[in-house]
Amino acid sequence: MPELPEVEVIVKGLKNNILNLKISDLKIINKNLRYPIPNNLETLCKNKKIKNVLRRGKYGIILLNGDEHIVFHLGMTGKFRFSNKLIEKYKHDHILIKFSNGINLIYNDVRKFGSFSIIKNPIDLYNFKNLGIEPFFLEYVEDNLWKKLKQKSKDIKSILLDQGFISGIGNIYASEILYDSNIYPFKKGIKLSKKSFSLLLSSTEKILRKAISKGGVTIKDYRNVTGDLGYFKINLKVYGREGLSCNKCKSLIVKVKRGGRSTFYCESCQKK
DNA sequence: AGCGGAACCTGTCGGC
DNA sequence: TGCCGACAGGTTCCGC
């Protein structure tokens, strides 16, 4: 489901609601997500306080007091919701977290691609999974990324989706970013001009920041923690708009499928 | 080594 | 109306 902007909105929402609260109980309802939820999560979390909630790429990090912390990934359909006294049960609820002030937080995930794990060393919080740089202030790392780009033989869209290059971009924003910078999605990364790459980085930053400010994109079942929809969908320029006309040149947006994933682009604005 | 595609799982939607 | 296949924002694994 969620790419960086959605995870950012969700993490902020969690932080606003659970910072400094004490976990009175955590129950695993179904541990069979992408990976089995660690058995000791329940005992680990009991009576711990929430020190912070952070994001790295598409991962969320719940910092607890003590030496162990929670890292989560929402996969495609992972969601959190709050409930007060009455806990309504829904299909695909997997974790229930009770706080000492009576608030409950529930993790629900239809497709079970999400994951929860425990991380110990705080230093690892930003260096796990070989995640690439966060897509902000990219002008300061442009030279590094340019060198890295030159070692790759993939097309530029695949490179954008590579979490080890820049972290946090997914299938929706990859199309949007390439459209914004007028780059053909299947052009080899190595063939990009420096100028075009520069433009790509500034588009990346621009699009993601704007999406965050709009509350993330809503397609199908995305919700933030308070159940609100994101408002970015009306701002999507190519994703899901096949057959409609390009805002810049009026030709039709096309949809191409490769490796099971759809790519949307304008054939005249994004020339090979 | 690094790439493209399949697999993982469940729900929904469109076509026949 | 009903069934079946295609498709969905994620990562990881496997074979070439």
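A, B, ... follow the sequence lines: proteins, then strands. Residue 1 opens every chain.
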C:dC3 to B:dC9 separation - P atoms, rounded to the nearest Å:
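Approximately 24 Å lies between the P atom of C:dC3 and that of B:dC9.
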Rounded to whole angstrom, note down the P distance from B:dG11 over to C:dT11.
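These two P atoms come out 22 Å apart once rounded.
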Nearest-nucleotide pick for A:Lys154, side chain only, options being C:dA8, B:dC8, B:dC3:
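Selected nucleotide (nearest to the side chain): B:dC3.
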Kindly point out which of B:dT10, C:dC7, B:dC8 is positioned nearest to the side chain of A:Phe113?
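Looking only at heavy atoms from C-beta outward on A:Phe113, the closest nucleotide is B:dC8.
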I'd like to know whether the aromatic ring centres of A:Tyr107 and A:Phe72 sit less than 6.0 Å apart in this structure.
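Aromatic pair excluded; centres sit 6.0 Å or further apart.
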Provide, to the nearest angstrom, the distance between the [atom1] atom belonging to [X] and the [atom2] atom belonging to [N].
X	N	atom1	atom2	value
A:Leu74	B:dC9	CG	C1'	16 Å
A:Leu236	C:dA8	CG	P	14 Å
A:Lys157	B:dG4	NZ	P	12 Å
A:Asn108	B:dT10	CG	C1'	12 Å
A:Ile156	B:dG4	CD1	C1'	17 Å
A:Arg258	B:dG5	CZ	C1'	13 Å
A:Asp162	C:dG10	CG	P	13 Å
A:Lys255	B:dG14	NZ	P	12 Å

Nearest heavy atom decides the nucleotide; on that basis, is A:Ser158 or A:Lys112 closer to the 5' end of DNA chain B?
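This one resolves to A:Ser158.
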Solution key, residues 112-119 of chain A side-chain donor-acceptor pairs under 3.5 Å, sequence neighbours excluded:
none

Those residues that, when tested against A:Lys22, pass salt bridge (charged side-chain N to carboxylate O under 4.0 Å, His left out) (two or more places apart):
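In terms of salt bridge (charged side-chain N to carboxylate O under 4.0 Å, His left out), with neighbours along the sequence ignored, A:Lys22 is linked to no residue.
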Determine which pairs satisfy salt bridge (Lys or Arg N to Asp or Glu O under 4.0 Å) with at least one residue from residues 192-204 of chain A, sequence neighbours left out, and list them in order.
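Pairs touching residues 192-204 of chain A that pass the test: A:Glu142-A:Lys194, A:Asp143-A:Lys194.
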Which residue pairs pass the salt bridge (Lys or Arg N to Asp or Glu O under 4.0 Å) test when at least one of the two sits in residues 260-272 of chain A, sequence neighbours left out?
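Counting only pairs at least two positions apart or across chains, no salt bridge (Lys or Arg N to Asp or Glu O under 4.0 Å) contact touches residues 260-272 of chain A.
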Can you tell me if the side-chain N/O atoms of [X] get under 4.0 Å from OP1 or OP2 in [N]?
X	N	result
A:Ser153	B:dC3	yes
A:Ser262	C:dA8	yes
A:Lys91	B:dG11	yes
A:His92	B:dC9	no

What residues form a side chain to side chain donor-acceptor pair (under 3.5 Å) with A:Asp162, not counting sequence neighbours?
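A:Asp162 satisfies side chain to side chain donor-acceptor pair (under 3.5 Å) with A:Lys152 only.
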Could you provide the dot-bracket string of DNA chain B, using ( ) for intrastrand pairs, [ ] for crossing pairs and | for bases paired to another strand, with Watson-Crick or G-U pairs below 3.5 Å?
.|||||||.|||||||
Residue list, side-chain contact (heavy atoms from CB on, under 4.5 Å) with A:Lys206, at least two apart or on another chain:
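Testing A:Lys206 for side-chain contact (heavy atoms from CB on, under 4.5 Å), a comparison that skips the adjacent residues, returns A:Asp180.
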Does any pair with a residue in residues 35-44 of chain A pass side-chain hydrogen bond (donor to acceptor under 3.5 Å, both in side chains), and if so which ones, sequence neighbours excluded?
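Pairs touching residues 35-44 of chain A that pass the test: none.
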Straight-line distance of A:Lys191 NZ to A:Ile183 CD1, nearest 0.5 Å
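If we round to the nearest 0.5 Å, A:Lys191:NZ and A:Ile183:CD1 are 15.0 Å apart.
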Atom NZ of residue position A:Lys150 - does it have more than 12 heavy atoms of other residues, nucleotides or ligands inside 6.0 Å?
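Atom NZ in A:Lys150 is crowded, with more than 12 foreign heavy atoms closer than 6.0 Å.
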Please enumerate all protein N or O atoms sitting under 3.5 Å from an N or O of nucleotides 11-15 of chain C, with distances to 0.1 Å.
from   : atom 1 : to       : atom 2 : distance (Å)
C:dT11 : OP2    : A:Lys58  : NZ     : 3.4
C:dT11 : O2     : A:Arg34  : NH2    : 2.7
C:dT12 : OP1    : A:Lys129 : NZ     : 2.9
C:dT12 : O4'    : A:Arg34  : NH2    : 2.7

